[in-house]
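Below, chains carry the letters A, B, ... as their sequence lines are ordered, and counting in each starts from 1. Heavy atoms only: backbone and side chains are in, while hydrogens, waters and symmetry mates are out.
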Amino acid sequence: MDDKTGNHSAEGAAAPAEPGLDFIREIVTGDLSAGRVREVVTRFPPEPNGYLHIGHAKAICLNFGIAQEFGGRCHLRFDDTNPAKEEQEYIDAIERDVRWLGFDWGQHLYFASDYFDRLYDWAIDLIKAGKAYVDDQSQEEMRANRGTLTEPGRPSPYRDRSVEENLDLFARMKAGEFPDGARVLRAKIDMASGNINMRDPALYRIKHAHHPRTGTAWKIYPSYDFAHGQSDAIEGITHSICTLEFEDHRPLYDWFIANLSVPSTPHQYEMARLNITHTVLSKRVLTELVRGGHVSGWDDPRMPTIAGFRRRGVPPEAIRDFIKRVGVSKANSQVDAVMFDFSVREALNKNAQRRMAVLKPLKVVIENYPEGQVEELEAVNHPDDEAAGSRQIKFTRELYIEHDDFMEVPEKKFFRMAPGREVRLRYAYFITCKEVIKNAAGEVVELRCTYDPASKGGNSPDGRKVKATIHWVSAEHAIPAEVRIYNPLFLDPNPSSDAATFATGINPQSLEVIADARLEPSLAEAKVETPFQFERQGYFCRDKDSTPDRLVFTRTIGLRDTYAKDVAKDTRESPRQNAKA
RNA sequence: UGGGGCGUAGCCAAGUGGUAAGGCAGCGGAUUUUGAUUCCGCCAUUCGGAGGUUCGAGUCCUCCCGCCCCAGCCA
């Protein structure tokens, strides 16, 4: 007896559902404790027709996660039944990305194409049992005869061919005697079913295409429906987890399992797919972003792909944490992208060493600091982790500070550098702005300051307080670098997934290049993928585009900025205040 | 109008007849040599709606409303 969710195993008194378990884990728990399955076996079944994205990460974390938690195993199985779209490059990328996410399939790497022979034999069994037939109708005729959502379909004129004729035709399909699309093998189920998937679905189609694994050995390829469940059965999969749009396919999945002599009886469960604001997770669109040159590639840091996040500096634990927070359910939902940002910041805050870097340099000359003098100051690598140690940084007469940390006419809530103000240079001294130097265009180009020698290290012996601490680098020692700031690829919280129109929604400011940032010298040895926090700014990592004479850093994500948020809020509210005044 | 699903806070999400977990966001406040972090506190008299059953309903029943998926020889 199936319950209303169709999950046969949710029945019974088993498993006093531990609260907090999602519905899939509850089912697994129940199946294990009731003895319905001895060992849980799951699988992650990507089609190698593109790179993995954050939506796949949900499926990966769920399938591999469940296997880990319940002492079972998870297979990596490529669903490579459509040679027209699949490529070896994608197979390699998918394996790399799953590993990087932190999961291991051990010896259990499979391909649906490994099962082509058995699948073919099963098709023949179906024909012999009078449950499948070769249809000569054109695609258009089949569509016309399939009926509509409210009208039943009509039987194909070829539906009642003899077993012998079907066997002969199917063998000739396999032998490559017919061109693509000429015929198709169909299951004989029910043309009047309310479920359109049961109206004699296609099992095999003719495709004279090169397959990345089987080459040109096959001229016919099984459909997803005919391959998936049987592949699960062959591998002994106990819980075959997929997304909601396959719910309608479950009766068909079960039909094959019931009508074929398969070695096990797997069951399919469906969960909602992941949707995130400002993000498109349609493979079609992602492929188009790459092919159309809208981004630099599948690993462009703006892409929601695993490869993109990796290059951007997002650690795998952040992705896993995010997926865990999002949960698993059957409700269509759209997760706010800021939730992902939270997971990224949390992982990075914990692990990234701190460094100082100035993105938009403003020169500062300390007038009372001896020319040519260089002092070594100690800076901790991580404020919450003593084990991270410390490093020495050089202080000199000429420095760079962040241009944004100075305001000639400071607004109310701005308490960084301004004419006459004293601030702290992190790990160094208190300095006071004495003079502002501008160029011919009236732009501020240099600050003349004085320092308080007694405030070395950042504290004044007289207990004098300062309202701000800003970061800096020694002008002489800092290394120049290009820094890339990435913004959302789509400004619309709910961007179009329509292949024809998505491009119009691309944020023209999604990439901001800062050509002349100045970094603390220790950053020259940074490794790709090692995250750093540039203090007061955000998390950054060295990009693979770096060359021996030109460093490139990518911003993973900015620090939370309540000041900026406050300013933005005031700006929004000011019209009302003005109206009142 | 056929079939399959889903509706709990701004966004996710627990809840399985006994009186609405948790997280994100937001808002206050404390600490701070990062306007970061951390820490405290606030944030659903009500679960899409209306009836009904019950001592008691987010949970059970009925009707209604809304949203998503399905008419590929894609997966």
Side-chain angles (χ1 to χ4, degrees), chain A residues 4-6 16-17 19-22 26 45-47 49 79 81-82 84-85 135 138-139 142-144 146-153 180-186 192-199 201-207 220-221 223-225 227-228 242-251 270 272 277 283-284 322 324-343 345-346 349-350 354 356 380 383-384 413-416 424-428 457-459 466-471 533-538 558-566:
Chain A
K4 69 170 178 179
T5 65
L21 286 188
D22 58 68
E26 248 173 57
E47 183 190 11
N49 66 346
D79 227 325
T81 57
N82 186 358
K85 298 181 175 179
D135 196 341
S138 68
Q139 218 168 138
M142 269 183 67
R143 190 189 313 127
R146 187 153 28 229
T148 69
L149 295 179
T150 53
E151 301 158 38
D180 286 10
R183 283 177 235 261
V184 59
L185 182 73
R186 291 228 259 172
S193 173
N195 181 346
I196 291 174
N197 293 301
M198 301 301 270
R199 320 239 262 230
L203 269 33
Y204 270 92
R205 61 293 208 204
I206 300 169
K207 278 183 191 287
I220 56 174
Y221 291 90
S223 63
Y224 163 85
D225 286 307
H228 205 95
C242 61
T243 44
L244 254 26
E245 64 270 28
F246 291 99
E247 246 165 347
D248 283 350
H249 293 243
R250 193 181 341 116
E270 311 86 12
T277 59
K283 237 193 227 182
R284 174 78 243 275
F322 169 68
K324 191 200 286 177
R325 285 169 188 277
V326 163
V328 181
S329 78
K330 296 188 70 149
N332 282 315
S333 61
Q334 189 178 37
V335 176
D336 196 325
V338 301
M339 211 158 146
F340 181 67
D341 293 348
F342 176 86
S343 291
R345 289 196 182 102
E346 187 174 65
N349 174 53
K350 203 172 151 199
R354 313 283 112 138
M356 291 205 282
V380 302
D384 308 317
K413 294 174 182 169
F414 184 87
F415 48 80
R416 279 113 80 174
R424 171 166 42 228
L425 292 181
R426 176 138 237 226
Y427 299 123
N459 284 303
V466 98
K467 289 201 78 175
T469 299
I470 64 175
H471 57 94
Q533 183 194 100
F534 289 0
E535 294 214 42
R536 304 206 310 123
Q537 301 191 112
L559 252 31
R560 267 183 63 207
D561 188 350
T562 49
Y563 169 74
K565 216 185 294 181
D566 223 38

Counterpart base for [N], defined by Watson-Crick or G-U wobble contacts under 3.5 Å:
| N | answer |
| --- | --- |
| B/C24 | B/G10 |
| B/U38 | B/A30 |
| B/U54 | none |
| B/C67 | B/G5 |

When you compare [N] with [M], how far apart are their [atom1] atoms, in angstrom units rounded to a whole number?
| N | M | atom1 | answer |
| --- | --- | --- | --- |
| B/A44 | B/A13 | C1' | 14 Å |
| B/G49 | B/G66 | C1' | 10 Å |
| B/U19 | B/C24 | C1' | 27 Å |
| B/U1 | B/C43 | C1' | 44 Å |
| B/C64 | B/G26 | C1' | 35 Å |
| B/U32 | B/A36 | C1' | 10 Å |
| B/A20 | B/U59 | P | 14 Å |
| B/C55 | B/C67 | C1' | 37 Å |

Legend entry - Per-nucleotide protein contact string for nucleotides 64-75 of chain B (B base, S sugar-phosphate only, - none; heavy atom under 4.0 Å): ----SBBBSBSB
Tell me whether the side-chain N/O atoms of [X] come closer than 4.0 Å to OP1 or OP2 in [N].
| X | N | result |
| --- | --- | --- |
| A/T562 | B/G35 | no |
| A/R416 | B/G35 | no |
| A/K324 | B/C12 | no |
| A/R325 | B/A13 | no |

Inset, instruction - Test A/L559 against every option in A/Q537, A/Q533, A/E535 by the side chain to side chain contact (heavy atoms under 4.5 Å, CB included) rule and name the one that passes. - result: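 For A/L559, the side chain to side chain contact (heavy atoms under 4.5 Å, CB included) check succeeds only for A/Q533.
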Just the rounded figure in Å: distance from [atom2] of [N] to [atom1] of [X].
| X | N | atom1 | atom2 | answer |
| --- | --- | --- | --- | --- |
| A/H471 | B/A36 | NE2 | P | 14 Å |
| A/E346 | B/A36 | CD | P | 16 Å |
| A/E26 | B/A14 | CD | P | 9 Å |
| A/D336 | B/A13 | CG | C1' | 14 Å |
| A/Q334 | B/A13 | CD | P | 12 Å |
| A/R426 | B/G35 | CZ | C1' | 13 Å |
| A/D341 | B/A36 | CG | C1' | 15 Å |
| A/Y427 | B/U32 | OH | P | 16 Å |

Inset, instruction - Name the orientation class of the two ring planes belonging to A/H249 and A/Y224 (parallel below 30°, tilted from 30 to 60°, perpendicular beyond 60°). - result: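 Judged by the thresholds at 30° and 60°, the geometry between A/H249 and A/Y224 is perpendicular.
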Sidechain-backbone polar pair: [X] side chain, [Y] backbone, donor-acceptor under 3.5 Å:
| X | Y | answer |
| --- | --- | --- |
| A/R199 | A/R146 | yes |
| A/R345 | A/G558 | yes |
| A/D384 | A/K350 | no |

Applying a 4.0 Å non-hydrogen cut-off, can you work out what [X] is touching in the nucleic acid: base, sugar-phosphate, or nothing?
| X | answer |
| --- | --- |
| A/P152 | nothing |
| A/R560 | sugar-phosphate |
| A/F534 | nothing |
| A/V328 | sugar-phosphate |

Less than 4.5 Å apart, any side-chain heavy atom of [X] and any of [Y]?
| X | Y | result |
| --- | --- | --- |
| A/V326 | A/F340 | no |
| A/E346 | A/R325 | yes |
| A/R426 | A/R536 | no |

Would you mind telling me which of [options] lies closest to the side-chain atoms of [X]?
| X | options | value |
| --- | --- | --- |
| A/M339 | B/A25, B/A36, B/C12 | B/C12 |
| A/F414 | B/C24, B/G35, B/U37 | B/G35 |
| A/V338 | B/C24, B/C6, B/G15 | B/C24 |
| A/S329 | B/U34, B/A13, B/G2 | B/A13 |

Inset, instruction - Please state whether the base of B/U34 and the side chain of A/Q533 form at least one donor-acceptor pair under 3.5 Å? - result: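 Present.
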Legend entry - Check: A/R354 side chain, B/U34 base, donor-acceptor under 3.5 Å: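 Check passes, donor-acceptor contact within cut-off.
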Inset, instruction - Identify whether the glycosidic angle of B/G26 places it syn (within 90° of 0) or anti. - result: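 Anti conformation here, the glycosidic angle of B/G26 being more than 90° from 0.
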Legend entry - Toward the 5' end of RNA chain B, by each residue's nearest nucleotide, A/F415 or A/D566: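 Result: A/D566.
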Legend entry - Side-chain ion pair, A/K85 and A/E47, N-O less than 4.0 Å: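 So A/K85 does not pair with A/E47 through a salt bridge.
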Inset, instruction - Taking all heavy atoms of A/S223 and all of A/R205, pick out the closest pair and write down the distance. - result: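 Heavy atoms only, the tightest pair is CA-NH1, 3.4 Å.
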